[in-house]
Amino acid sequence: MADYLFLIPLLPLIGFLINGLLIGRLPKPVISLVGCLSVGGALLLALLAFFELKGLPVEARVMQQVLFAWIPSGSFHVDIAFLLDPLSAVMILVVTGVGFLIHVYSVGYMHHDEGYGRYFAYLNLFTFSMLMLVLANNFLLMFVGWEGVGLCSYLLIGFWFEKKSASDAGKKAFIVNRIGDFGFLLGMFIIFWQVGSLDFATVMEKAPTAFSFGGGLITAACLLLFVGAIGKSAQIPLFVWLPDAMEGPTPVSALIHAATMVTAGVYMVVRSNVLYMMAPDALLVVAIIGAATALFAATIGLVQNDIKRVLAYSTVSQLGYMFLACGVAAFSAGIFHLMTHAFFKALLFLGAGSVIHAMSGEQDIRKMGGLRKYIRITYLTFLLATLAIAGIPGMSGFFSKDEILWQAFSSGHGSPIFWAIGLVTALLTTFYMFRLVYLTFHGTERMDTETKHHLHESPRSMTVPLMILGVLSVVGGWVGLPAVFGATNYFEHWLDPVTAKGSELVSESVHASGGGNAGLEMTLMFVTVLLVIGAWMLARYMYVRHTETATRVREKAGGLYTVLLNKYYIDEIYGFLIVRPFVGLSTFFWKIIDVLVIDGFVNGLARLGALSSDLLRFVQTGRVRSYATLFAAGVVLVIGFLILR
Amino acid sequence: MGILSWLYVVPLAGMLVVMCLPKDNKKLIRWTATLISVIPMLQSFWLTWDYFFNYSGSAAMAYVEGPFNWIPSLHIQYFLGVDGISVPLLFLTGLLSTLSLLASFGIENRVKEYFAFFLLLEAGMMGVFVALDFFLFYVFWEVMLVPMYFLIGVWGGPRKEYAAIKFFLYTLFGSIFMLVSILILYFTSNPHTLNMMTLIQSGSTLPYTLQMICFVFFFIAFAIKVPVWPFHTWLPDAHVEAPTAVSVILAGVLLKMGTYGMLRISWPMFPQPLRDLSFWIALLGVIAIIYGALVSMAQKDLKKLVAYSSVSHMGFCMLALAAYSSTQAISGCMFQMVSHGLLTGALFLLVGVLYDRAHTREIAAFGGLGSKLPIYSSIMVFFTMGSLGLPGMSGFISEFMIFIGSFSVLNKVMVGIAVLGVVLGAAYLLRMVQRVFLGEFNLAKWGGLTEINARELVTVVPLMLLTLWIGIYPKPLNDLMNATLTNLVNLMAR
């Protein structure tokens, strides 16, 4: 019954091979067809798999397919095998669904690009890797997908590689991610060392006995795995690559750097939830890093002027939200937000792409304004996504965000401090998103006449995906209605089989949602909504009604504004503290240790030899052959001497 | 005569044939030499195939020839045989020799001597991997030195004399230590013997001090070949000066002789010193990994960068060898030897392709080649990714196996530091890719560069396919070596 699972990643791989190997030989329509249909096919299969899984009784919702033994070496054994459970089912739907829409969108967006074939080849390779990541049934195969998406990210960020900033950004993304991989690898080693397997099912089953609860090893393993997640999902302190990654084509930002790849870290933590539940300290670190990142990135997002950069920091911030959810052991809330975020953030990026398309490549929102008249569909869909991310009641983001906030407050691992940070972040998010909307689509038209002359709505291949994502951004949250409304949270129950084992380990962390605290939950929700609307109105006041206030605030803030605009100078600090010493060290090792010390010694030895051989010059013919002869003769002499002794 | 003898006799005979050819008919010489080398290549392929299906189930030596008494008064025997650790290396030698000869068609100066030396070199390499008698082993080991010396010293770059002498003296220095060890083993064995298989059994019965001396002496000899830090400084000079094909052989096969020697001889022969020194061996491995990667980062010459990356990559082998009691680590070591041969061999071939056209290897001189030479650049990036250990390619399998194996038996912090090599590897390789292939293309300077040609493609495509195969389906290679390695681990962890 699971024998077609392997086709889900295989189809995009075939697409990659066709487009990649026949690069420059295929006409554009064929490229688009191969690129989109391979992902479309995967989407259909993913739906089929999803419904088949849904048809199974709850406790039997696991489908596995073992293709072949991959690395069998003594006690170490890893298969190429796929696992479909409620968690991976959600993930493959998001990846193929959003992925398919973005492929279609790209047909229009990349139409005039010279590297059209290369683009689709990379995009298909990415889809393949991402599907491997989420369908893998063991840590190592997951790591394969993990590295694969990293490679594609590198290739796509640097897609326009003639531009130095683009190739710089690609390189930075790869190397920073490698730092994360370093942690991931070590985490895996600890797991294998203690459990003797990397297979998810085996690890989760044996972990409670192989590790001691809350012990040093399990905490170390979880923290190291989390280092991997920090890298891939751009959390403090490794978030620096994501904003730069905006150098890539905009649909890439939507697919890789918003909807799918960057959420891999969240997926990994949820996938290992049993391990994390055994390491409360690690869980706390996850929550702290998540909350801190959410807040930190949101503050930077307040002042950025590049439409994509605002969205990039917003993504970092929202990912922090997801980790906050994981950190308070609300894993299903994390995945729920992952899903709704995939919809509205992909939509925001694609909308931004449509704006950039209309603006002939301009990304600076200070040079936009009043665009809503010209690109109506883009405006409306962008607005929907903004309402969703702001958490306006009824929109998808409202449900997932509310779930996280409530869990942060009430879960056994939560605390009112986490809730407060989450709330402040939500307000900041609302503010910067509406700032973005108002500066881009409302107010005075600040573009030059040339650009204004070319303003146009995007082609159908771009607007249709926008509209579909718009619908999803609204209704996507309805599968997870809060229990406090008296509704059933289908989403949470859907993920129950995945998270159940972890929560069994810790009885006190059983969700406190609903029940006796219903009044409190309602109150907090109400307060949040009220404040969010307040933040919205503030943005409206500052950027529509009284635009001079924004300037005044900026001047008042002075130094703080500059610090925020320069992203707290983090890049500069890293450059000074990490990059420079390494570069210095490498030159030191080469010029001093290698050339001066070791070679100095070696050459000195040789010179000494030459000096003493001056005395023996008469045997020195300068020909290696005669040395070899002499040498051989010497050997024979020695042997002879020793024998005759 | 069995197939193992033929493996080195054919190139040896080929050398004589090439020497008899008319000196001015360069085309004839090139093709004759290349075609002759196809014979041992096919033999090594057949050997791999046949060994896999018929012998890989047991650790015993296969295709054994001898031991025949050769020089009875000195107890020297003619004794050949192969097992799971020599077969993959013979495969690599056969393949890389032919590919290197193909890549040597650009040699215009003293063509006849060049190809004759090359075939002699191949004979020596084949011999080292099949010899089971110390005398034979030593002879083959030294025989390789001579052609190598001349290939660098005559056909090399501007500082070829320095590089060749340095290579020669370094290796000779090590050989002397090896010779002393061999002599100690010879005179302490009773009855006197140079049979490696016998000595592996009896070596561990020597007094501990003597064992330690022999182990350290062998280690010096092999470590210079690998090369292990701090014995590595001959390598960058030799690589930079050597012609492309010689670099390929040097990196692809010669370096492996060091690790092969350890696995074949000194490791199983002296398990006690091995156990006592394993921490220091691991330390040298870790230093090589980090140091090699950092020094690579500072390089301005493309070839030197690849050369130093070899130091780093062979460091992984040393780390694995220090974790001798783990089957995964030792398998990983063998995988790394094969993988490094494929990847670094290919990288040197590709650097050569660029050098032939541009006559410079200075990284800063290039930029944006990706837009002008898309096929060449893609292939180069492919191997770069392999070299930095991307999953799906051979380097990932080997590095991962080494890590997971050594993590459970070695100092965790040390292995942790070694894993940092993964980050540094990405840093120096991607920096190179960016500066050579990305960015703006200098049309005025490099407008005349031409895309990789068919002959050059033939030299690298097989390496691509093998890299992918091992990366995606490593089981056959693992099965081929498994019985031997399990037995070996038992011997080493005695």
Side-chain angles (χ1 to χ4, degrees), chain A residues 23-24 68-76 80 140 143-148 151 154 158 161-164 166-168 170-171 174-175 178-179 181-182 185-186 188-190 192-193 582-583 585-587 589-591 593-595 598-599 602 606 609 624-625 628 631-632 635 638-639 642-643, chain B residues 74 142 145-146 149 165-166 168-170 172 179 183 187 230 232-233 236 291 294-299 326-328 331-332 368 370-371 374 385 390-392 396-397 400-401 403-405 407-408 415-416 419-420 422-423 426-427 430-431 433-434 437-441 473-475 478 482 486:
Chain A
I23 217 158
F68 56 87
W70 184 32
I71 311 182
S73 165
S75 59
F76 181 73
I80 301 276
L140 190 59
F143 188 72
V144 172
W146 189 272
E147 292 284 284
L151 169 71
Y154 167 76
F161 60 81
E162 288 92 346
K163 248 168 84 188
K164 178 144 187 338
S167 65
D168 275 341
K171 184 177 69 171
F174 201 111
I175 294 172
R178 275 263 150 159
I179 299 174
D181 296 346
F182 162 78
L185 281 169
L186 286 175
M188 265 198 283
F189 298 157
I190 294 184
F192 177 74
W193 176 41
F582 263 100
V583 172
L585 201 62
S586 74
T587 316
F589 277 164
W590 178 36
K591 292 281 190 196
I593 304 282
D594 240 48
V595 176
I598 301 181
D599 261 0
V602 170
V624 170
R625 221 174 332 175
F631 179 72
V635 170
V638 171
I639 297 176
L642 288 165
I643 293 169
Chain B
L74 297 174
E142 295 295 305
L145 276 187
V146 180
Y149 171 80
I165 292 271
K166 198 172 179 183
F168 194 82
L169 290 183
Y170 247 111
L172 205 60
L179 188 65
L183 290 177
F187 288 110
H232 66 279
T233 59
Y291 183 96
L294 279 173
V295 176
S296 289
M297 199 141 59
Q299 295 311 311
S326 155
T327 321
Q328 288 91 28
S331 303
S371 47
M385 291 298 157
L390 203 78
F396 175 71
I397 305 286
F400 188 82
M401 281 165 81
F403 286 144
I404 203 136
F407 190 81
S408 48
V415 179
V419 180
L420 266 183
V422 168
V423 182
L430 292 183
R431 178 175 161 276
V433 166
Q434 182 184 29
F437 299 103
L438 312 180
E440 257 178 81
F441 181 70
Y473 194 53
K475 193 167 178 294
N478 190 72
N482 198 34
T486 312

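Note that this is a predicted model, so its numbers are computed, not measured. Order of the sequence lines fixes the chain letters, A, B, ..., with proteins taken first and strands second; residue numbering starts at 1 for each chain.
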Quick one: pull up [atom1] in [X] and [atom2] in [Y] and give me the separation to the nearest 0.5 Å.
| X | Y | atom1 | atom2 | result |
| --- | --- | --- | --- | --- |
| A:K163 | B:L438 | NZ | CG | 13.5 Å |
| A:L185 | B:L420 | CG | CG | 11.0 Å |
| B:M297 | A:F589 | CE | CZ | 10.5 Å |
| A:D599 | B:T233 | CG | OG1 | 4.0 Å |
| A:F76 | B:T327 | CZ | OG1 | 12.5 Å |

Identify, with sequence neighbours excluded, every residue that meets side chain to side chain donor-acceptor pair (under 3.5 Å) alongside A:Y154.
none
Nearest non-hydrogen partners of [X] and [Y], listed with the distance:
| X | Y | value |
| --- | --- | --- |
| B:V423 | A:R178 | CG2-O, 3.5 Å |
| B:Q328 | A:S73 | NE2-O, 2.8 Å |
| B:Q434 | A:K171 | OE1-NZ, 2.8 Å |

Examine whether an atom of [X] lies under 4.5 Å from a heavy atom of chain B, and if so say whether it belongs to the side chain, the backbone or both; otherwise answer neither.
| X | value |
| --- | --- |
| A:L151 | side chain |
| A:D181 | neither |
| A:V602 | side chain |
| A:I593 | both |

Sort out for me which of [options] touches chain B most, counting heavy-atom pairs under 4.5 Å.
| options | value |
| --- | --- |
| A:F174, A:F161, A:W146 | A:F161 |
| A:G170, A:G158, A:P72 | A:P72 |
| A:I80, A:L140, A:I23 | A:L140 |
| A:D594, A:V144, A:I175, A:T587 | A:D594 |
| A:F143, A:F182, A:F582 | A:F182 |

Side chain, backbone, both or neither: which part of [X] has a heavy atom under 4.5 Å from chain A?
| X | value |
| --- | --- |
| B:I404 | both |
| B:F437 | backbone |
| B:E440 | both |
| B:S331 | side chain |

Kindly say whether B:G368 contributes a backbone atom to a donor-acceptor pair with the side chain of A:E162 at under 3.5 angstrom?
no
Find out whether [X] and [Y] are in side-chain contact, i.e. whether some heavy atom of one side chain is under 4.5 Å from a heavy atom of the other.
| X | Y | answer |
| --- | --- | --- |
| A:W70 | B:I397 | yes |
| B:H232 | A:I598 | yes |
| A:I190 | B:F407 | yes |

Aromatic contact between A:F192 and B:F400, with the criterion being ring centroids under 6.0 Å apart: yes or no?
no
A:S586 and B:Q299: side-chain donor and acceptor closer than 3.5 Å?
no
